[in-house]
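Scope of the values below: all heavy atoms of this structure, side chains included, with no hydrogens, waters or symmetry mates. In this text the structure is predicted, and so the values were computed from the model without any measurement. Order of the sequence lines sets the chain letters (A, B, ...), proteins ahead of strands, with each chain counted from 1.
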Amino acid sequence: MAQRLNNRQREAVKYIDTPLLVLAGAGSGKTSVITTKIAYLIQECGIKARNIVAVTFTNKAAREMKERVGLLVRGRVSRGLTVSTFHHLGLTIIRKECSLLGYKPGFSIFDDKDIRSLLKELMMRELNAEDDTVERIQSAISAWKNDLVTPKQAMSQALQPEEMMAARVYENYNRMLKAYNAVDFDDLITLPVLLFRNQPDVLERWQNRIHYLLVDEYQDTNGAQYELVKMLVGQRGKLTVVGDDDQSIYAWRGARPENLSLLQQDYPALKVIKLEQNYRSTSRILKAANTLIANNPHMFEKALWSELGEGEKIRVIRCRSDEAECERIATEILTHRLRKETRYRDYAVLYRGNFQSRLLELKMQHHQIPYHINGGVSFFSRVEVKDVMAYLRLLVNPDDDNAFLRIVNVPRREIGPTTLEKLGNYANKHKVSLYQACDERGMEEVLASQYLERLRQFVAWMNRVSRRLQNSDDPVSVIREMLGDCEYENWLLQNSSSPVIAEKRMANIWFLVDSLQKTLESGEEDSSIEAAIGRLVLRDMLERQEEEDDTDRVQLLTLHASKGLEYPHVFLMGMEEDLLPHRTSIEEDNIEEERRLTYVGITRARKTLTITMASRRKQFGETLDTSPSRFLEELPQKDLVYKGFEQGEARQEERKMAGRVGLESLYKSLSD
DNA sequence: CATCGTATAGTTTTT
DNA sequence: CTATACGATG
């Protein structure tokens, strides 16, 4: 153990006799504990890396952890170590056992949008439902899956006719998914659990593979994930979980922080270790965090402390508008960076909703501040990426009707809905895929030759590409040719609102193609193009999406995305009622989770924390007045310095700032 | 069947 | 205000 760990941390690393719960406050070095423990297990306990599994909640965290373990054990001893997200682990299991689950290799994963259109289609048939019921059913199904409730159970538990309806849709939905050879996100967890329940021998196989299991961010596990952990650990009890109930911010997607205390029941021999020393923040920042979170009820009491000195006061700045707020943040970063000779990457701006990044982005550009937006629309949900993925899917599996429908007329091939409907009817009747149906004789009676010809042309073209793909020793260039052939770039250009956007979209495509190349070259077991595409389809390269972090840029991210990260200087923006306790949370009386979210935001900061808000905020074109967040009153007032609140203060500031930096915009933002 | 236009709805948070 | 969806027109 090369690293300096404190006594408690060391205890957590070395304790392996019974299940262990590490209650790790923010910044208490939990990642160090996990990584050191993995190294310890490998080096001191003789456990092979391939028999250790560590589970995190984000791909980024997983990658980081793997890297750190690699550094600790130096060399290839860490080969075969599994560090992945819950969903990735589930995916691995499903991929290995897919035949047992009734899936064919190369199955696809439906995202939110795919699911919604599937449900829409499904419900239109039964009864013409409204749009918001589709969404309600979608979240109901997700909730059921998270709690391992099968359609049959849902059916029998249903009390109201509406629930009954939802349960029926649920059953059909699952059937449809299987017909599409597809799974949804929740299935990645629930399918393995259901498999393990029904086939103990399969479970045993996996239990034998996993000699030690570590779970990070345990407070974020949902019912299904809890069950999965329990099953994989089995009687052996070789388990370490790390969590912090104060950082539970995913209850809205089924996370159950009470899983932390549930452990005590399930494992009577559970050992609990608390980590309370913080190695990240100044004591002022910690005091603010502690004071705020004290307003929440607690399962486990804990108080963070640090030896890093008192630090600067926390600034609370009120700006006159949302625009002024972003402007202020930009100029603050600029001047602070110059004065303190820091780098851009030392700053992060945290916000509640993704929409807040727009204005911010604009201001950053205006001031030529390099920035990086973390999150937003995920790479794989971008239309252009989904299009190309559909092409790839169709190449690997011509019977993927979903992929077929997506791109048969993209770019335009003059194949419209009526043609496709007839094709669909025929395919249904004759139990063949849409792709197959195109070439069948019987179609000639269903469809006029001019329309059928277009379909057949498309199929013939795809066949040609497919053949070339088989024979070529540079498959990726075949893909490039294919995209050139169908003039996808042209189509993007026509279809985007501006050439700049089209260019960005095209860049995404090339990134995707490059990833395919890399996947192909990275020498995994199966290096066929099919396997490479399969891995891509299964989002195996999700990690690669997080790009070069070594550039010097200000980080812009949501509070949710910020969990687990830290920055020397943090801006927490939009500290307003209805936004930081978000309105829906106020209405649902769920302030506690919002408070935890704020807690997470505060504890990201190492040296300085700046909280901002706007007195007026533009929403859908109209300007609304705001009021300061209630959380401001819950902070230790002595450690705060307010700017822009009282007239006197504001004026004083205005003079000071104007004298210091000659930035007109800054002057303007304060003069209200 | 495609293109263009208008209408309309939408902002939590994510694997 | 903007992205998307749907409907009217060519």
Side-chain angles (χ1 to χ4, degrees), chain A residues 55-62 84-91 109-113 115-117 120 130-132 135 139 142 145-146 183-190 217 220-222 224-225 248-255 322 350-359 362 374-381 383 409-421 448 450-451 454 491 494-498 501 538-539 542-543 545 557-563 574 578-588 590 593-594 596-598 600-601 617-624:
Chain A
V55 180
T56 64
F57 266 81
T58 64
N59 291 296
K60 199 197 277 174
S84 70
T85 62
F86 260 109
H87 296 266
H88 231 281
L89 179 65
L91 183 61
I109 303 171
F110 277 16
D111 69 11
D112 262 22
K113 264 190 178 163
I115 291 165
R116 201 163 333 152
S117 53
K120 215 171 180 176
E130 295 139 57
D131 219 40
D132 79 311
E135 225 161 288
S139 55
S142 178
K145 288 194 175 184
N146 284 335
V183 299
D184 63 23
F185 268 117
D186 302 316
D187 285 338
L188 295 178
I189 313 295
T190 54
E217 309 280 14
D220 288 335
T221 51
N222 61 36
Q225 288 162 339
S248 158
I249 53 175
Y250 286 109
W252 53 271
R253 68 169 198 210
D322 46 356
L350 274 36
Y351 37 82
R352 177 65 232 258
N354 276 311
F355 70 96
Q356 291 175 76
S357 70
R358 296 219 166 180
L359 252 182
L362 232 60
N374 204 331
V377 203
S378 111
F379 182 74
F380 279 94
S381 58
V383 271
N409 199 30
V410 173
R412 296 270 119 88
R413 280 183 263 271
E414 299 187 297
I415 298 166
T418 34
T419 304
L420 289 175
E421 202 186 327
Q450 44 173 335
Y451 301 121
R454 290 172 192 161
W491 184 82
Q494 278 178 2
N495 248 277
S496 305
S497 40
S498 82
I501 290 180
L538 295 177
R539 296 160 193 235
L542 259 182
E543 305 144 53
Q545 170 204 348
L557 63 173
T558 63
L559 286 163
H560 283 88
S562 77
K563 196 166 70 156
D578 284 0
L579 190 58
L580 198 31
H582 194 272
R583 223 178 95 202
T584 44
S585 296
I586 297 174
E587 280 161 5
E588 287 165 20
N590 187 22
E593 182 144 318
E594 298 287 307
R596 287 193 290 268
L597 203 48
T598 310
V600 166
R617 190 172 285 280
K618 227 185 249 158
Q619 196 181 21
F620 309 145
E622 61 179 341
T623 307
L624 301 171

Here the distance between atom P of dT14(B) and atom CZ of Phe355(A), to the nearest Å, is 13 Å

Just by modelled atom types, is the Ser139(A) backbone N or O under 3.5 Å from a matching donor or acceptor in the Ser142(A) side chain?
no

Among all residues two or more places apart in sequence or in another chain, which pass the salt bridge (Lys or Arg N to Asp or Glu O under 4.0 Å) test with Asp578(A)?
none

Among dT15(B), dT14(B), dA3(C), which nucleotide sits nearest the side chain of His87(A)?
dT15(B)

What residues, two or more places apart in sequence or in another chain, satisfy salt bridge (Lys or Arg N to Asp or Glu O under 4.0 Å) together with Arg617(A)?
Glu325(A), Glu576(A)

Partner residues of Thr623(A) under the side-chain contact (heavy atoms from CB on, under 4.5 Å) criterion, sequence neighbours left out
Arg616(A), Lys618(A)

Does Asn222(A) make a side-chain N or O approach to OP1 or OP2 of dT15(B) shorter than 4.0 Å?
no

Given the C1' atoms of dT13(B) and dT4(C), what is the spacing between them in whole Å?
22 Å

Starting the side chain at C-beta, find the nucleotide from dA2(B), dT2(C), dT13(B) nearest to Asn354(A).
dT13(B)

Consider the side chain of Phe620(A), meaning its heavy atoms from C-beta on, and name the nucleotide among dG10(B), dT15(B), dT2(C) that approaches it most closely.
dG10(B)

Qualifying residues under side-chain contact (heavy atoms from CB on, under 4.5 Å), relative to Ala251(A), sequence neighbours excluded:
Glu593(A)

Under 4.0 Å, counting only non-hydrogen atoms across every strand here, what does Phe86(A) touch: a base, just sugar-phosphate, or nothing?
nothing

Under the side-chain contact (heavy atoms from CB on, under 4.5 Å) test, residues paired with Asn222(A) that sit two or more places apart
Asn146(A), Ala224(A), Gln225(A)

Please write out the pairs of protein N or O atoms and N or O atoms of nucleotides 4-9 of chain B separated by less than 3.5 Å, giving the distance to one decimal.
none

Using a 4.0 Å heavy-atom cut-off across all strands, classify Ile415(A) as base, sugar-phosphate, or nothing.
sugar-phosphate

Of the listed nucleotides (dT14(B), dT15(B), dT11(B)), which one gets closest to any side-chain atom of Phe185(A)?
dT15(B)

Base, sugar-phosphate, or nothing for Thr584(A), non-hydrogen atoms under 4.0 angstrom?
base

Indicate the ring-plane relationship of His87(A) and Phe185(A), choosing parallel, tilted or perpendicular according to the 30° and 60° boundaries.
perpendicular

Would you mind telling me which residue lines up with the more 5' stretch of DNA chain B, Phe57(A) or Glu588(A), judged by nearest nucleotide?
Glu588(A)

Once you round it to whole Å, what is the distance between C1' of dT15(B) and CG of Leu89(A)?
13 Å

Interatomic distance, His582(A) NE2 vs dT14(B) P [rounded to whole Å]:
12 Å

Contact class for Asp220(A) vs. all strands (heavy atom < 4.0 Å): base, sugar-phosphate, or nothing?
nothing

Among dA3(C), dT15(B), dT13(B), find the nucleotide with the atom closest to the side chain of Trp252(A).
dT13(B)

What is the distance, rounded to the nearest whole Å, between atom CG of Leu559(A) and atom P of dT14(B)?
10 Å

